[in-house]
Amino acid sequence: MSAAAPERITTEVARRRTFAIISHPDAGKTTLTEKLLLFSGAIQIAGSVKARKATRHATSDWMEIEKQRGISVASSVMQMEYRGCVINLLDTPGHQDFSEDTYRVLTAVDAALMVIDAANGVEPQTRRLLQVCRARNTPILTFVNKMDREVKDPLALMEEIERELGMEVVPFTWPVGMGKAFHGVMDLREEQMRVFSPGEDRKGAEDEILSGLHNPAYAERFGMQYTQAEGEIDLLTDAAPPFDKAAFLAGRQTPMFFGSAVNNFGVREVLDALVDLAPAPGDRTAIQRVVHPEEGKFSGVVFKIQANMDPAHRDRIAFLRVASGRFERGMRLKVVRSGKELRPNTVVTFMSQRRELLEEAFAGDIIGIPNHGVLQLGDTLTEGEALQFTGLPFFAPEMFRSVEVADPLRTKQLRAGLTQLGEEGAIQVFRPVAGSVLLLGAVGQLQFEVVAHRLEHEYGCKARIMPARYNVARWVTADTGEGAAADERELKRFIDGNSHRVAMDAVDAPCVLLEYAGELRAMQDNWPKIRFHALREHAGLVFQKQLEG
């Protein structure tokens, strides 16, 4: 198998852009995803996210329950080429009940595109997602959507974003009017105005472009809306900070764009900015060392697993972010956690659920590896080196349910289904040390509904999901200060002494389940050598420092 020349790897890495689209539900994120695909030439017709009875659905919403509800509950991956760059776009669930999936996706990208509903401003889920981006210093571009509706004042929106999200905002475009009097956006850098006309699903003719920031013809044509916008632009020229690329790349400053995704308006500017401003793949941190994207040897990390993307084949796809080197179909890869060897020959690249066989990939690319339980979330694949990438989070559930199968003859299907759904991260599945009834843990109620739907439609078993008495969960490890053998004995002593409320998760990491926060405090006092964690990293291998509360 031929190795790629170092210059080629460097060139290919430099033209990669890998980003996630994030927002509060209903801000128009999935619609914007469709239009980015449309403008890049990746698709010829955009799906209607809300037209639930239509035969056409958004490319990124492939799961049956998504088509019924018109929401995204699973992350989708799409690849496209634009202006010589290979863009890997990850559409995340907006619904807060699926925030874990979104958090894990954010570990696999180099930038984020934040969509804000111009009528609602900064909403709760936006704040939560931004906290994750800020913790990772992820560069963020902001798209203010739905300007063709009655919305908040643009200056007020800009101030709100700066105040709520704690970062400088630099307008790259500025709206002229809003709602029914929305006339277009002024490109402050190119000093030209793109005139708004309601669009269609199909990409129409080029928009009308007018030159100059202060063209006298604007006031005559657009009236009061232009006069107001001109005053705001003059104010911004004096008051807004200049764009600082270093501050943007550090996640301290965000370029802001205005538009209407449903009308194909303002989308091209965002696509151009992603190519021009978003960073190429950077270094990734492993426990052993820092891995550089231009290295000759391949490495990558599994950040998502999805079962049954093709229900006819009962497949399981591991989504892997390439961290370094060049992937080539059929190459020998080592699963570092287990030591097993893979030679994947049917690796795919995605256009949502449409997939194409992949011959090669480079750092920044997202590839799909079909497998049957060999790969887990957080697994590192290399050409042989023992590396373990860090940072893939699992959060302690906040809601619990017990689950039983309605038909006892379908018990095997229930366990198989829950095992796979647990491994892909759709739900957390716990096996009590004492007792046979499985427990489900989730961040929100909708996760339970999706799991019940998928168990019935993908695994052929109708499940009874019932309330459980638990409300608090913490993973447990031991720290005696006397070495690994003593830690193992202390952990076993704890599990034996609390077997009625200890359960094992999908990777056999022990977790204590409690009814009240007060019980946790008492347990911490009674077991000073046990550490209680609200977060664990991949595969039970690495726990963050103790997170209490």
Side-chain angles (χ1 to χ4, degrees), residues 97-101 103-104 305 307 373 376-378 392-406 410-455 459 461 463-478 491-492 494-517 519-520 523-524 527 530-544 547-548:
D97 288 8
F98 298 90
S99 52
E100 278 200 63
D101 197 23
Y103 294 151
R104 285 192 283 268
I305 290 175
Q376 295 180 356
L377 284 169
L392 198 73
F394 291 80
F395 299 91
E398 297 167 13
M399 302 175 75
F400 292 86
R401 300 286 186 270
S402 62
V403 59
E404 292 178 340
V405 69
R410 313 294 285 178
T411 300
K412 186 177 178 183
Q413 286 90 333
L414 175 74
R415 290 198 167 255
L418 286 178
T419 298
Q420 292 193 12
L421 293 175
E423 286 174 358
E424 76 172 56
I427 197 94
Q428 293 195 48
V429 181
F430 296 92
R431 293 174 289 104
V433 170
S436 59
V437 176
L438 292 173
L439 291 166
L440 304 182
V443 174
Q445 173 63 32
L446 189 56
Q447 281 179 276
F448 297 121
E449 294 177 27
V450 169
V451 163
H453 182 278
R454 292 185 65 186
L455 284 171
Y459 298 94
C461 60
R464 279 197 293 260
I465 295 180
M466 300 160 293
R469 68 179 190 272
Y470 303 114
N471 295 292
V472 179
R474 291 293 184 268
W475 283 281
V476 288
T477 57
L491 185 59
K492 185 177 187 307
F494 174 83
I495 292 171
D496 290 344
N498 296 278
S499 60
H500 60 295
R501 50 189 176 187
V502 173
M504 299 296 179
D505 72 1
V507 294
D508 288 330
C511 189
V512 64
L513 307 176
L514 304 165
E515 292 185 55
Y516 309 107
E519 287 183 274
L520 176 61
M523 191 172 272
Q524 287 168 326
W527 295 87
I530 296 294
R531 297 289 172 259
F532 299 84
H533 308 266
L535 179 149
R536 76 162 172 85
E537 286 195 8
H538 50 76
L541 294 173
V542 180
F543 281 88
Q544 281 205 347
L547 287 168
E548 298 175 355

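What you see is a predicted model, and the numbers here were worked out from it, not measured in a lab. Below, all heavy atoms of this structure are taken into account, side chains as well, without hydrogens, waters or symmetry copies.
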### Task
State, to 0.1 Å, how close W527 and F532 come at their nearest heavy-atom pair, and which atoms those are.
O-CE1, 4.3 Å
### Task
Taking all non-hydrogen atoms of both residues into account, name the closest pair between G441 and I427 and its distance.
O-CG1, 3.6 Å
### Query
Counting distance only, does the side-chain N/O of N471 pair as donor-acceptor with the main-chain N or O of E515 below 3.5 Å?
yes
### Task
Carefully, step by step, assess F448 and V403 under the rule side chain to side chain contact (heavy atoms under 4.5 Å, CB included).
CA-CA 10 Å; F448 297 121; V403 59; over 6 Å; no
### Message
Within this structure, what is the CD-CZ distance for the pair Q524 and R531, rounded to the nearest 0.5 Å?
### Response
9.5 Å
### Query
Should L440 and L418 be marked as a side chain to side chain contact (heavy atoms under 4.5 Å, CB included) after you check the CA-CA gap, both sets of side-chain angles, and the distance that decides it?
CA-CA 9 Å; L440 304 182; L418 286 178; 3.7 Å; yes
### Query
Measuring from K412:NZ to Y459:OH, what's the distance to the nearest 0.5 Å?
14.5 Å
### Query
Which salt bridge (Lys or Arg N to Asp or Glu O under 4.0 Å) pairs, counting each pair once, include a residue from residues 426-447, with sequence neighbours left out?
R431-D508
### Task
Please tell me if the side chains of M523 and V512 come closer than 4.5 Å, counting only heavy atoms from C-beta onward.
yes
### Message
Under the criterion side chain to side chain contact (heavy atoms under 4.5 Å, CB included), I'd like the reasoning laid out for N498 against V433: C-alpha separation, chi angles, the key distance, then a yes or no.
### Response
CA-CA 9 Å; N498 296 278; V433 170; over 6 Å; no
### Query
Relative to each other, are the rings of F430 and F400 parallel, tilted or perpendicular (30° and 60° limits)?
tilted
### Summary
Contacts of E398 meeting side chain to side chain donor-acceptor pair (under 3.5 Å) (sequence neighbours excluded), chain-then-number -> none
### Query
How far apart are the C-alpha atoms of V429 and T419, what are their side-chain angles, what is the distance that settles it, and do they pass the side chain to side chain contact (heavy atoms under 4.5 Å, CB included) test?
CA-CA 7 Å; V429 181; T419 298; over 6 Å; no
### Message
Using side-chain heavy atoms (C-beta onward) and a distance below 4.5 Å, is L455 in contact with L421?
### Response
yes
### Shortest non-hydrogen separation from S402 to A468 and the atoms involved
N-CB, 3.9 Å
### Task
Not counting sequence neighbours, which residues clear side chain to side chain contact (heavy atoms under 4.5 Å, CB included) with E404? List them please.
V437, R464, M466
### Message
Minimum heavy-atom separation for A473 and A396, please, with both atom names.
### Response
O-CB, 3.3 Å
### Query
Can you check whether P510 reaches M504 side chain to side chain, under 4.5 Å on heavy atoms?
yes
#### Entry: Closest non-hydrogen atom pair between Q413 and C461, with its separation
C-SG, 4.0 Å
### Side-chain heavy atoms of R415 within contact of L438, under 4.5 Å
yes
### Summary
Between L491 and A478 the two heavy atoms that sit nearest each other are N-CB, 3.9 Å
